[in-house]
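Following: one structure in structure tokens, then a few remarks.
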Amino acid sequence: MRSTVIDGMNTVKLADPMNKYEVLERYFGYRSFRRGQEEVVDSLLSGRDALAIMPTGAGKSLCYQVPALMLDGVTLVVSPLISLMKDQVNALTAQGVRAAYLNSSLNDAQFDKALHNMANGIYKIVYVAPERLKSSRFIRAAKSIRIPLVAVDEAHCVSQWGQDFRPSYLNIAEFIAELPERPTIGAFTATATAEVKQDIVRILGLHDPLQVTTGFDRPNLFFSVLRPSSKPQTLEKLVKERNGKTGIIYCSTRKRVEEVCSSLSAKGYSATRYHAGLSDEERRKNQDDFVYDRKKIMIATNAFGMGIDKSDVRYVIHYNMPKNLESYYQEAGRAGRDGEDSDCILMFGQQDIETARFFIDNTEPNPELSDEQNDAFKKKEEERLSFIIAYCKTKGCLRAYMLRYFGDATDDHCEKCSNCLTNFKTVNVTVDAQKILSCIVRTGQRFGAQTIADVLRGKESQWVKSFRLTEQSTFALLKGVRQKKIKSLIDELEAQGYIVYVGVGKPILKVTDAGWLVLKGKAQVQAREALTIQTTVKTAPVSENDTELFEALRELRAKIAQKRGVPAFVIFSDSALRDMCLKMPTTNEEFLTVNGVGETKLKLYGKLFTDEILAYKNPSLYAALHDTPNDKHTKNVSHYTIPFDRWTAEETADLIAEYNGGKSIKEIAWGHNRTQRAIRFALDKLRDKGLIY
Ligand code: ADP
Ligand code: MG
């Protein structure tokens, strides 16, 4: 914030600089910092480097955006993905912050223009792709301005140990060294093992950084693991229950993505897809359809997601088990970034283990690593796989399992995962266990779980008959018992070490020494059995207060977003809408108390939303408004009109957004088909009114 103006000999004090709380409230509409944010903000403001490790959705961006607005000069944000930059800049602009991005999506003229604006102090925050840090034009422009702070987002990309190593991140330190004055550096990531952390500090050259780790828990996420006998059927049920909500469905292969997408589309769901086999153009289009709410469900491989900041994803379903818990937590964590309750559901099947093993065995060695390093990496991958398998099979608290894996201390029960909410009882299953073990032994320890279950149930299939298993003494020993129950018992026996799977492809079951003790009657088997099997996840309803109002506000938001050409969550998050339902503000003062409403949003949208709420409180007015064929929302987006030259409210709102977005007077004039003089005049009026800064 420029607080003084140098006017000849006099230094005129204009206003007190804003403190961090004022910035938080005025621009972002939040009244308090979340865990860890304030420490990082303070550190960066005091000139001390910081390394913040916070889970997805914790609010890392705010940690550098608040200081950026308080420090003199331009803050640079290094960010790996083009789409992410665009969304962040959109969101900032909507909050009245002047921001821009510099990446390969700009043509030469646009790049020059943005550089020119940057050099002229138009922006407070500039997002830059790491590749651009080598551009001599960029370096020249950067040297000519004051850069108090460089924020490195997704900082784990500097490390070869991370999952997303990006060689261009190695440019960062070199670039910073070229600057006339060393800026403060903030590094941000959601994933960091000890090795990655060390790499970040060393490679970015952080000086005695303040390290802030908030822990990995995401209390608003509901975790569940399902073991459906039919994945397609279960998936459809899950999607149906969540109809109208935004969700991501991850599959392990492109083929599966295609299948699931066409099947859901054929059933009338609003679905699209994303994987590496599609053209760049189609990927971009599908991603935009999802981000801009034109499609509600994204079905994708793990190629999708990094760089998606969509905050209102209400569920993430994994149709297949991912290769490790790191990937799972990252992908599932894309749900509920806005802090609202969201579901993370993993659908597990035995086949998933084979697929995951196949991927590990067929990963090309990294040419930048030695053979030994590659071997060690593969070993590590196998170890990681075993942990996610155990996660799928555990009957303990899922959240506790995961948090412990990431090194957080935690309670044993979260009461917010499918295991904690399923009633288990401990039962002695020794007799059934003996039947299963005996069947495995009698059939020669050469079959998998499916065949064993079929034999025990007495199923006379071609396959069973072809091995003459119907003649076995254990044939039909568990007749009438459901297949699912037998399979879950087999899992239990495996989990407890009485049997093991051997081989890849179609692994076979073998009895261990411990298993033999059970067979001989020398050991008992206890199992936890689900009393009420939970196949769906209970979450809070869309709105605990007024669903009708919530829907009306959502619709209003969608219309504004469409008009503006930005994603809906850029206008207001779901949690902001929910807060509106709760507080039902009808005046400006009340509207400002809504979480996520800052001054710019109040000015741009306050009237529209309070009108809607007023109307809602007065049903006859509400009915009248909603029956009007020419809907009022599409007509005025702001209540303020520039009192000359017949500016409409709508055009005025556009002008404000364009100006805040850093467009030049010339560009704005051209777009509005007005003279530059008229634009300058209009901007003066807006400034007088306090509508722009
Ligand atoms: P991250 O980068 O850590 O994954 P983001 O910076 O994208 O997370 O923030 C996630 C969401 O949390 C955003 O919608 C953001 O507006 C919101 N948020 C951040 N800080 C706060 C806060 N102090 N109070 C309320 N919401 C916040
Ligand atoms: Mg982020």
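Ligands are counted one by one from 1 in listed order, and the atoms in each one are counted from 1 as well.
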Just say parallel, tilted or perpendicular for the rings of H318 and Y328, cut-offs at 30° and 60°. perpendicular

Flag the pair Y274 / F290 as yes when their ring centroid distance falls below 6.0 Å, and as no otherwise.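 Distance test on ring centres: not under 6.0 Å, no.
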
Distance flag, aromatic centroids of Y329 and Y405, threshold under 6.0 Å: no

Please list, chain by chain and in numerical order, all residues satisfying salt bridge (Lys or Arg N to Asp or Glu O under 4.0 Å) with K285, sequence neighbours excluded.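 With sequence neighbours excluded, K285 shows a salt bridge (Lys or Arg N to Asp or Glu O under 4.0 Å) to D289, given in chain and number order.
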
Quiz item: cation-pi between R334 and F304, 6.0 Å / 45°: no

Cation-aromatic face contact R557/F569, 6.0 Å, 45 degrees: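 No.
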
Near ligand 1, which residues have a heavy atom under 4.0 Å away from one of its atoms?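 Lining ligand 1: Y30, S32, F33, R34, Q37, P55, T56, G57, A58, G59, K60, S61, L62, R337.
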
